[in-house]
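As the structure is a computational prediction, the values presented were derived from the model and not from experiment.
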Amino acid sequence: MMKQKKVKFASADEAKEFVSIASGCDFDVNVFYNRMIIDAKSLLGVLSLDLTKILTVEFDGENTLFEEFLERKNPMHAVARERLWRLSR
C-alpha cells in the first residue's frame, strides 16, 4: 500500500539529507509537486523542485529512519513548534 507524507525543507542541505536517506531505501520513493514527479533518490531532481513549497513524498515500503525523517520535515509539525516557541516567550 502506497504511503504519502507532506514535507517542507528549510534548506538545500535538508534536501540533500533527504536524498541520502531515501537512497538507502530498498523501495521506490517519489516526490510530487504540481504535475512533476521526481525520483527522490536523484539529488538533481529534488534540487530542481521549488524547496519553498510543501512537497508530497510517496513510497511503498518501510524504513524507520526514512519515516522518522519525513515526520521531522512535516510542515504541520514546524507550524506547531513555531507556535509553541512564540507562546513560551
Fill in the blank from the handout: For Tyr33, the other hydrophobic cluster members (4.5 Å side-chain criterion, sorted by chain and number) are Val7, Phe9, Phe18, Val19, Ile21, Phe27, Val29, Val31, Met36, Ile38, Leu43, Val46, Leu47, Leu49, Leu51, Leu55, Val57, Phe59, Leu65, Phe66, Phe69, Leu70
Handout entry: Separation between CG of Asp50 and CG of Asn34, rounded to the nearest 0.5 Å
Key = 9.0 Å
Exercise for the section: To the nearest 0.5 angstrom, please state how far the OG1 atom of Thr56 sits from the NZ atom of Lys6. Expected result: 2.5 Å
Completion exercise
Tracing side-chain contacts under 4.5 Å among Ile, Leu, Val, Met, Phe, Trp and Tyr outward from Met1 reaches none
Exercise for the section: For residues Ala22 and Ala40, report the shortest heavy-atom separation together with the two atoms involved. Expected result: CB-O, 3.9 Å
Exercise for the section: Taking the side chain as every heavy atom from C-beta outward, state whether Glu71 and Lys5 have any atom pair closer than 4.5 Å. Expected result: yes
Handout entry: Lys73 side-chain N/O to Glu14 backbone N/O, donor-acceptor pair under 3.5 Å
Key = no
Handout entry: All pairs passing salt bridge (charged side-chain N to carboxylate O under 4.0 Å, His left out) where residues 59-68 contributes a residue, at least two apart
Key = Lys3-Glu67
Problem - Test log, rule side chain to side chain donor-acceptor pair (under 3.5 Å), inputs Ser23 and Lys41 - result: CA-CA 5 Å; Ser23 294; Lys41 298 177 184 181; over 6 Å; no
Completion exercise
Closest non-hydrogen contact found for Ser48 with Gly45 is OG-O, 2.5 Å
